[in-house]
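Everything below concerns the one structure shown next.
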Amino acid sequence: MKSDGYVKQRREAVTGSGPGRESCRIAPEKEEQGFSLRDLDRLDLFSIAAVAALAAVLAVILWLAPPQEEKGAGRGRVQVVVVNPELDRRIEAAERVLASDNPAAARELLAYLKKNFSYDGRVFMLLGDYELRMQRPVAAMHYYRQAVDLNPDFLDRKTGLFQGKKIKGVLAEVAGIVAKRPDPAVRRELLYMQRKVAGGCGG
Amino acid sequence: MKKYWFVTMGAVIGVGAVLLSYAGNPPNTGICVSCFLENVAGALRLHGNIRMQYLRPEIIGFVLGSFAVSLARREFAPTGGSSPLLRFLIGALLIFGCSVFIGCPVKMVLRLAAGDLNAIVGAAGLVCGIYIGLAFVENGFRLGESRPLPLAAGLIVPGFMFFLLAALVFEPAFIAKSVKGAGALRAPLVLSLGTGLLVGGFAQATQFCITGGIARVFLWGPREVMNCPRSTGLLISLVSFFGFALAASILTGQFNLGIHGQPSSNDSYGWAFLGMAMVGFGSILIRGCPLRQLVAAGQGDNDAGAAVMGMLVGAALVQNWGIAGNPAGTPLAGQVAVLAGLALLFLIGILNRRRGYGIAPEFQAGLD
């Protein structure tokens, strides 16, 4: 325990009422004098060093940043819904083929969709479903990631596209695989997807 | 003020926030001033993210609860004139820092209470930022003393909140409202508004402030904190907040101890640390965490009102500039915002010091 003397000293130090220091409250009105570099104290020097260090780190980060990164970084983008009847028809067809257990036809159709409609999350969701049917949960997770990145509605209960339960199941399977055979890249993607599924206050 | 009032303050915000999350607010986000201000900014169409648009009743409640209680306690005092534009700027920076960490100090405690160990990094950053901010305050940092203002000035922020409440109830066409995303995750209006009013009212009466509570430990030392009723009260509120939130999280099945798969988290620990350091630093310079700014604005403090408006603009910029942290990490814009923001706070600190002096009068008010 610190002594009462310490408390008194501390109080005097912070309020400036102690020896060698003037309090703003009780300070006599002093003429403001011009600023000179000699006035800089330790806190000033620490601050200047901190500003210089922060500026240096900022410069390095900006220098190292890939030019494309800025494009995808913003979360304030307005979502653009592309209405394409042809895509809708083909996605319906792919869903039917997948449901009828015809992997060869599904693979062909999905390859076409991926090549021509890679902007639509539903295509990647179907690719994930295909991989899941092929018993490849890691590949399925990879496609689900692309799907939810393109369209977060797949993880939103308030929308008709919600696929959260299925994706959660895949993540549990992949977690088991990663536990047996650690793979840093797969683990990174798994953790990202786990955080995505957990949700939060972000858009 | 009796100690049980401080315990009650912690209980109200802790249990209230967890219940809000249980009743529909985003996970671990029963109350988050920064996230909710992003929602409010979206609802006012200050940004275009359709998933982040909702006039959060909690924010309205904080201000109006404080307003009502300050009137009842005859503590409503329109004051201002203490570097309002500087406070506006720092208010915006606070929200930048919060968004990089993904949560304000209140949400940081809620995340910890829900078992999210990632938030420990944010807590360390907040404490570090508070320590740096105090170094400035103890060494002559000043914003200028505030002075009494006409009544109308003190009514601006509460009046704005009454307008938002009316807009929330009547939903005019110019107000946006998310139908999906985090903005669509909401507890029932009555519960949200009621909790906001209670939190605002109790926070006004007890002067609840997360950064203020922590700052007093550094300022007076542990021994003095135990002797100073207000310092003790603030710490009691903080411990009570965490304790009640923890208990409520466990009882409502929202407790999930761990690092991975936590809501509103990522593994950008360094940026989370720096983001919260910025929040701690800035909060000390303007005398209060984001929640405290809202509560103070409700009791007529125009300087806090300037900070609140800065926070609102900051919340819009967070979305427009893509600053906020997300499950993938901290985007480049967020990294730049944190580094530039911290540098700016240091510069503000250097330029607003009266060297050779102790704590400025505006910071001494209410210190004991």
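Residue numbers begin at 1 in each chain, while the letters A, B, ... track the order of the sequences. If you're wondering where the values come from, they're calculated on a predicted model, not measured in any experiment.
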- Message: With a 4.5 angstrom heavy-atom cut-off, is it the side chain or the backbone of A:Ile48 that approaches chain B, or both, or neither?
- Response: both
- CD1 (A:Ile61) and CG (B:Leu332) are apart, to the nearest 0.5 Å, by 7.5 Å
- Query: Of the listed residues (B:Ile102, B:Asn28, B:Leu342), which shares the most heavy-atom pairs with chain A below a 4.5 Å separation?
  - Reply: B:Leu342
- Just give me the residue among A:Ala52, A:Ala53, A:Ala50, A:Gly200 that pairs up with chain B most often, heavy atom to heavy atom, under 4.5 Å. A:Gly200
- Query: Does any heavy atom of chain A fall under 4.5 Å from the side chain of B:Val338, the backbone, both, or neither of them?
  - Reply: neither
- Query: By a 4.5 Å heavy-atom criterion (distance strictly below it), what part of A:Arg187 contacts chain B: side chain, backbone, both, or neither?
  - Reply: side chain
- Message: Can you tell me which portion of B:Asp267 sits under 4.5 Å from chain A's heavy atoms? Options are side chain, backbone, both or neither.
- Response: both
- Task: Please flag which part of B:Asn266 lies under 4.5 Å from any non-hydrogen atom of chain A: side chain, backbone, both or neither.
- Result: both
- Message: Assess the residue pair A:Asp44 and B:Arg355 against the criterion (side-chain contact (heavy atoms from CB on, under 4.5 Å)); give the C-alpha distance rounded to whole Å, side-chain angles, the decisive distance to 0.1 Å, and a yes or no.
- Response: CA-CA 10 Å; A:Asp44 288 318; B:Arg355 286 155 190 82; 2.5 Å; yes
- Query: Is the number of heavy atoms from other residues, nucleotides or ligands under 6.0 Å of B:Tyr269 OH greater than 12?
  - Reply: yes
- Message: Assess whether a salt bridge exists between A:Asp39 and B:Arg354, defined as any Lys/Arg side-chain N lying under 4.0 Å from an Asp/Glu carboxylate O.
- Response: no
- Message: I'd like to know whether CZ of B:Arg45 has more than 12 heavy-atom contacts from other residues, nucleotides or ligands below 6.0 angstrom.
- Response: yes
- Once you round to the nearest 0.5 Å, how far does CG of A:Leu58 lie from CD of B:Gln335? 9.5 Å
- Message: Under the criterion side-chain contact (heavy atoms from CB on, under 4.5 Å), I'd like the reasoning laid out for B:Lys107 against A:Cys201: C-alpha separation, chi angles, the key distance, then a yes or no.
- Response: CA-CA 10 Å; B:Lys107 182 170 167 179; A:Cys201 67; 3.0 Å; yes
- Message: Quick check for you: to the nearest 0.5 Å, what is the distance between B:Asn326 atom CG and A:Tyr192 atom OH?
- Response: 6.5 Å
- Contact origin within B:Thr29 toward chain A - heavy atom pairs under 4.5 Å: side chain
- Task: Using a cut-off of 6.0 Å, state whether more than 12 heavy atoms not belonging to A:Lys114 lie near its atom NZ.
- Result: no
- Query: Where the side chain of A:Lys158 meets the backbone of B:Ala184, is there a donor-acceptor pair that is under 3.5 Å apart?
  - Reply: yes
- Heavy-atom closest pair (A:Ala198 atom, B:Gln262 atom, distance to 0.1 Å) is CB-C, 3.7 Å
- Heavy atoms from other residues, nucleotides or ligands near OH of B:Tyr22 exceed 12 (cutoff 6.0 Å): no
- Message: Report which part of A:Ser47 has an atom under 4.5 Å of a heavy atom belonging to chain B: side chain, backbone, both, or neither.
- Response: both
- Message: Out of A:Leu54, A:Val57, A:Asp41, return the one with the most heavy atom pairs under 4.5 angstrom to chain B.
- Response: A:Leu54
- Message: Heavy-atom pairs under 4.5 Å with chain A: which of B:Gly349, B:Cys35, B:Ser265, B:Gly329 has the most?
- Response: B:Ser265
- Message: If I take atom CD1 from residue B:Ile259 and atom CD from residue A:Gln194, how far apart are they, to the nearest 0.5 angstrom?
- Response: 12.0 Å
- Task: Show your working on side-chain contact (heavy atoms from CB on, under 4.5 Å) between B:Arg353 and A:Leu43 and close with a plain yes or no.
- Result: CA-CA 10 Å; B:Arg353 277 187 60 207; A:Leu43 184 58; 3.6 Å; yes
- Mind ranking A:Leu191, A:Thr159, A:Leu190 by heavy-atom pairs under 4.5 Å with chain B and telling me who comes out on top? A:Leu191
- Message: Counting only non-hydrogen atoms closer than 4.5 Å, does B:Phe36 touch chain A with its backbone (N, CA, C, O), its side chain (CB onward), both, or neither?
- Response: neither
